[in-house]
Amino acid sequence: MILELAVIYTTRLDACRDFYRGIGLDVVTERHGNGPEHYAATLADGGVLELYPATGRPETGYLRLGLTAPPNGAGFLPSGRHTLTDPDGRTVVLTVADAPDAPDALEGRPRPAGTAPAESKAGAGGPVPPEGRPGVTYTEIAEHYGMSARYLSENPRWGRHPGWPPAIGRRGRTIEFDAEAVARFFGEHHTREAAELDPSRRYTVVEIAEASGLQPDSIRSDISRGRWPAPDETDGDRKLWRGETVTAHLAGRRIYRNKPK
């Protein structure tokens with residue numbers, strides 16, 4: 001048995017969003033039909049944590065959450081066990097894993113003997129299954145291509161596209177897909193395009209998202225997790241980046257858009 005969904009109702013919605021983003025969750029904005037706008041984060045095992053405004057329902061009271069983050073995946077927190085408190089007073093016990101002694105070859109470090117490099121497993125630039133697994137999950141695919149798992153799985157241009165590869169098995173209750181088939185799908189149906197930014201112009205998060213194909217919430221999540229360059233300027237509450245700063249940062253990222261028909 002696994003936990004598929006946990007919902008927190010709060011009167012401090014934005015503060016809770018910032019807190020959970022700050023500890024490494026990829027929190028994105030959602031709205032289902034006529035329901036309220038809320039926030040959601042998909043966990044590594046496919047479970048979802050949602051933050052809803054406490055309007056029609058009572059506020060969620062005391063709760064103790066236990067989360068585990070990968071090395072360097074919890075913002076500023078070092079490896080180890082951390083007991084935190086969210087804006088509503090709920091306890092969050094966050095364990096940050098130790099960095100491995102022999103990191104992945106993709107970062108220029110030795111790979112365990114007998115394991116194949118990324119491109120032999122999934123084609124050039126494709127997602128790589130964890131060691132010992134035959135396929136990759138929505139969460140792993142989404143992280144590789146720079147989007148949220150829910151966006152990937154529910155979007156008709158991606159996970160619900162007729163050409164999306166069939167599942168090859170399950171990891172618990174999470175679906176796995178053949179990594180090479182996923183890489184082929186992205187190569188056939190989506191193409192990488194460089195963001196067209198004026199090097200000297202200042203851009204907001206929303207403007208960067210429009211030019212790059214990233215979601216604004218994904219950029220904000222990267223900012224909160226220290227994975228985005230510091231702003232070149234601030235204008236009141238607005239953060240601004242020069243085009244040349246953004247272009248340099250995005251040069252190594254995988255950003256895909258629909259091919260023109």
Side-chain angles (χ1 to χ4, degrees), residues 13-15 17-31 37 39-42 72-76 106-108 118-119 123-127 139-159 161 182-261:
L13 186 62
D14 289 346
R17 172 203 63 195
D18 293 343
F19 170 82
Y20 287 100
R21 277 181 178 166
I23 62 173
L25 293 180
D26 184 13
V27 181
V28 299
T29 305
E30 291 189 343
R31 182 191 296 272
E37 184 174 282
Y39 299 105
T42 302
N72 304 315
F76 60 90
L106 288 175
E107 299 181 9
E119 294 191 3
T139 298
E140 291 157 353
I141 298 166
E143 181 177 353
H144 182 80
Y145 289 110
M147 63 186 75
S148 76
R150 178 162 291 190
Y151 177 85
L152 172 72
S153 64
E154 296 183 355
N155 194 300
R157 296 184 300 170
W158 307 92
H161 189 283
V182 171
R184 285 195 298 271
F185 171 85
F186 277 83
E188 292 171 1
H189 297 281
H190 299 272
T191 185
R192 184 171 182 169
E193 297 178 1
E196 297 180 0
L197 300 174
D198 182 333
S200 60
R201 179 185 161 186
R202 275 60 171 167
Y203 291 86
T204 66
V205 165
V206 172
E207 290 169 335
I208 294 169
E210 291 175 349
S212 67
L214 288 170
Q215 296 182 75
D217 280 338
S218 294
I219 297 175
R220 295 188 184 102
S221 178
D222 280 357
I223 293 170
S224 69
R225 297 166 74 175
R227 297 180 179 180
W228 193 268
D232 294 302
E233 293 181 14
T234 56
D235 180 11
D237 293 335
R238 294 198 315 161
K239 296 180 175 67
L240 301 170
W241 288 263
R242 287 196 298 269
E244 60 185 359
T245 301
V246 178
T247 299
H249 175 70
L250 295 180
R253 291 192 59 145
R254 303 171 181 88
I255 302 166
Y256 292 77
R257 291 187 175 190
N258 244 23
K259 285 184 177 178
K261 301 297 183 184

Determine the interplanar angle of the F186 and W158 rings, folded into 0 to 90°, and report it as parallel if under 30°, tilted if 30 to 60°, perpendicular if over 60°. tilted
Sorted by chain and number, sequence neighbours left out, salt bridge (charged side-chain N to carboxylate O under 4.0 Å, His left out) with D198 holds for none
What pairs with D237 under side chain to side chain donor-acceptor pair (under 3.5 Å), at least two apart in sequence or on another chain? none
Under the rule for side chain to side chain donor-acceptor pair (under 3.5 Å), what residues qualify as partners of T234, not counting sequence neighbours?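 For T234, no residue satisfies side chain to side chain donor-acceptor pair (under 3.5 Å) once neighbours in sequence are set aside.
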Is there side-chain contact between T29 and Y39, with at least one heavy-atom pair below 4.5 Å?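 A side-chain contact under 4.5 Å exists here.
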Is any side-chain heavy atom of W241 less than 4.5 Å from a side-chain heavy atom of W228? yes
So which heavy atom on E37 is nearest to which on L13, and how close?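 Result for this residue pair: O-CD2, 4.3 Å.
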As an exercise, state the distance from OG1 of T204 to CD of E210, rounded to the nearest 0.5 Å. 7.5 Å
Salt bridge (charged side-chain N to carboxylate O under 4.0 Å, His left out) partner of D232, chosen from R242, K239, R201, R202: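 Exactly one option meets the salt bridge (charged side-chain N to carboxylate O under 4.0 Å, His left out) with D232, and it is R242.
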